[in-house]
Trainee: 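What follows is a structure written as structure tokens; I'll ask about it next.
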2 protein chains.
Amino acid sequence: MTSMTIGRLAAAAEVGVETVRYYQRRGLLAVPEPTHGQVRHYGDGALARLRFIRRAQQLGFSLDEIADLLGLDEHTDRNAARALAKEKLAQIDERMARLSAMRNALTELVDCCEHSSTAQPCPILHTLAHPDERQNAAYSKSIAAG
Amino acid sequence: MTSMTIGRLAAAAEVGVETVRYYQRRGLLAVPEPTHGQVRHYGDGALARLRFIRRAQQLGFSLDEIADLLGLDEHTDRNAARALAKEKLAQIDERMARLSAMRNALTELVDCCEHSSTAQPCPILHTLAHPDERQNAAYSKSIAAG
DNA sequence: CTTGACTCCGTACCTGACTACAGGCTTTAG
DNA sequence: CTAAAGCCTGTAGTCAGGTACGGAGTCAAG
């Protein structure tokens, strides 16, 4: 099956037809000349390229970054590829750190809410409203650090 | 300083004027009636509300969720607040898990790229292009799991 | 030979959280 | 008094990564 219409190509890559066209507009995928008539046909190269794009997305790369990756050569551009991957890794670490700070703050607020007297106002809402009175140190500590 | 114009209010909350207006359009902040003339004036309540919004954002809540939080009462709605916080916590865990899978896959690819022979094609690009030949198990393992 | 599925192309819409601008009025500093 | 800064309303644009739709052409099966 070396020749498919856009619909079959999209199905094979498990993306929508509109997505394929979108990638073409973004310059990630070539638009072949129409064979006999108006309809364009795609080969295995196009399918491989679509799969490359989807896998790179799963690793966290944006479409712009994927355009860069697609421009690299397996044999001559190892350094460039590794640099992009390391940069992405750093971005992921940053995002994880931010999420981790949120997680710490929220966890402490929830714990506090679960173990404080019912007579008191809700620690979660109260801390959001008046963090300066920090009954629970969680919020200030975790967030100020991040 | 119980009465400020929108500019001073925004400055005090460290957000832009346009952001304040945006929150008003979203229904997060009341639009007061203009006092003598056309200009509207805001009190400390508005400032507290803006700060609440910003802090809740830092904890990961969306503006829609913050609208819910703002509708809760510190004294009577503890359960609701805790439920929202726990739900958010679960979402954060999910996002962290996904990031962690990416991180594992990328780390292994980078390691592999650093320690494989220069004669070979770049493991990063090669795996993206042909993951089925998995020279490095990283990608398939980490991503398939997530 | 018709019907229905598919393709082509262009344009508009979606989410979320802003951000910018235009055109007119008000307030304040000098 | 004047000029600059600030405020008002309303509309539109930004980013990412798509998704939807309209109208016309084309292709394959029955």
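Order of the sequence lines fixes the chain letters, A, B, ..., with proteins taken first and strands second; residue numbering starts at 1 for each chain. Source: prediction; values computed, not measured.
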Trainee: Do any N or O atoms of the protein come closer than 3.5 Å to N or O atoms of nucleotides 4-14 of chain D, and which pairs are they?
Mentor:
from: D:dC7; atom 1: OP1; to: B:Thr5; atom 2: OG1; distance (Å): 2.3
from: D:dC7; atom 1: OP1; to: B:Gly7; atom 2: N; distance (Å): 3.1
from: D:dC8; atom 1: OP1; to: B:Arg40; atom 2: N; distance (Å): 2.9
from: D:dC8; atom 1: OP2; to: B:Arg21; atom 2: NH1; distance (Å): 2.9
from: D:dC8; atom 1: OP2; to: B:Arg21; atom 2: NH2; distance (Å): 3.1
from: D:dT9; atom 1: OP1; to: B:Arg40; atom 2: NE; distance (Å): 3.4
from: D:dT9; atom 1: OP1; to: B:Arg40; atom 2: NH2; distance (Å): 2.2

Trainee: Got a donor-acceptor contact below 3.5 angstrom from the B:Lys88 side chain to the B:Gly60 backbone?
Mentor: yes
Trainee: Measure CG/A:Leu29 against P/D:dG17 and give the value in whole Å, please.
Mentor: 16 Å
Trainee: With a 4.0 Å limit, can you tell me whether A:Tyr23 has a side-chain N or O closer than that to the phosphate oxygens OP1/OP2 of D:dG17?
Mentor: no
Trainee: Round to the nearest Å and state the distance from A:Leu63 atom CG to D:dT19 atom P.
Mentor: 12 Å
Trainee: What is the separation between atom CZ on A:Phe61 and atom C1' on D:dA16, rounded to the nearest whole Å?
Mentor: 17 Å
Trainee: Roughly how many Å is it from CD in B:Gln24 to C1' in C:dC18, rounded to a whole number?
Mentor: 14 Å
Trainee: Hydrophobic clusters here meaning ILVMFWY residues chained together by side-chain heavy-atom distances under 4.5 Å, can you tell me if A:Leu63 and A:Val15 are in one?
Mentor: yes
Trainee: I want to check one thing: is the phosphate of C:dG16, taken as OP1 and OP2, less than 4.0 Å away from some side-chain N or O of B:Gln57?
Mentor: no
Trainee: OP1, OP2 of D:dA16 versus side-chain N and O of A:Tyr22: anything below 4.0 Å?
Mentor: no
Trainee: Hydrophobic cluster membership, with links at side-chain heavy-atom distances under 4.5 Å among I/L/V/M/F/W/Y: are B:Leu59 and A:Met96 in one?
Mentor: yes
Trainee: Using whole Å, report how far CD1 of A:Ile53 lies from C1' of D:dG17.
Mentor: 12 Å
Trainee: For a quick test of reading the model, state the closest non-hydrogen atom pair linking B:Arg51 to B:Ala12 and the distance between them.
Mentor: NH2-O, 3.1 Å
Trainee: Does B:Thr19 make a side-chain N or O approach to OP1 or OP2 of C:dT19 shorter than 4.0 Å?
Mentor: yes
Trainee: What integer distance in Å separates A:Leu50:CG from D:dG18:P?
Mentor: 11 Å
Trainee: Starting from P on C:dA5, measure out to CE on A:Met4 and report it in whole angstrom.
Mentor: 23 Å
Trainee: Among A:Arg26, A:Gln24, A:Arg25, which residue meets the side chain to side chain donor-acceptor pair (under 3.5 Å) test with A:Tyr22?
Mentor: A:Arg26
Trainee: Verify the neighbour count for atom CZ of A:Arg40: are there more than 12 heavy atoms of other residues, nucleotides or ligands below 6.0 Å?
Mentor: yes
Trainee: For the residue pair A:Arg78 / B:Ser116, report whether a side-chain donor-acceptor contact shorter than 3.5 Å exists.
Mentor: yes
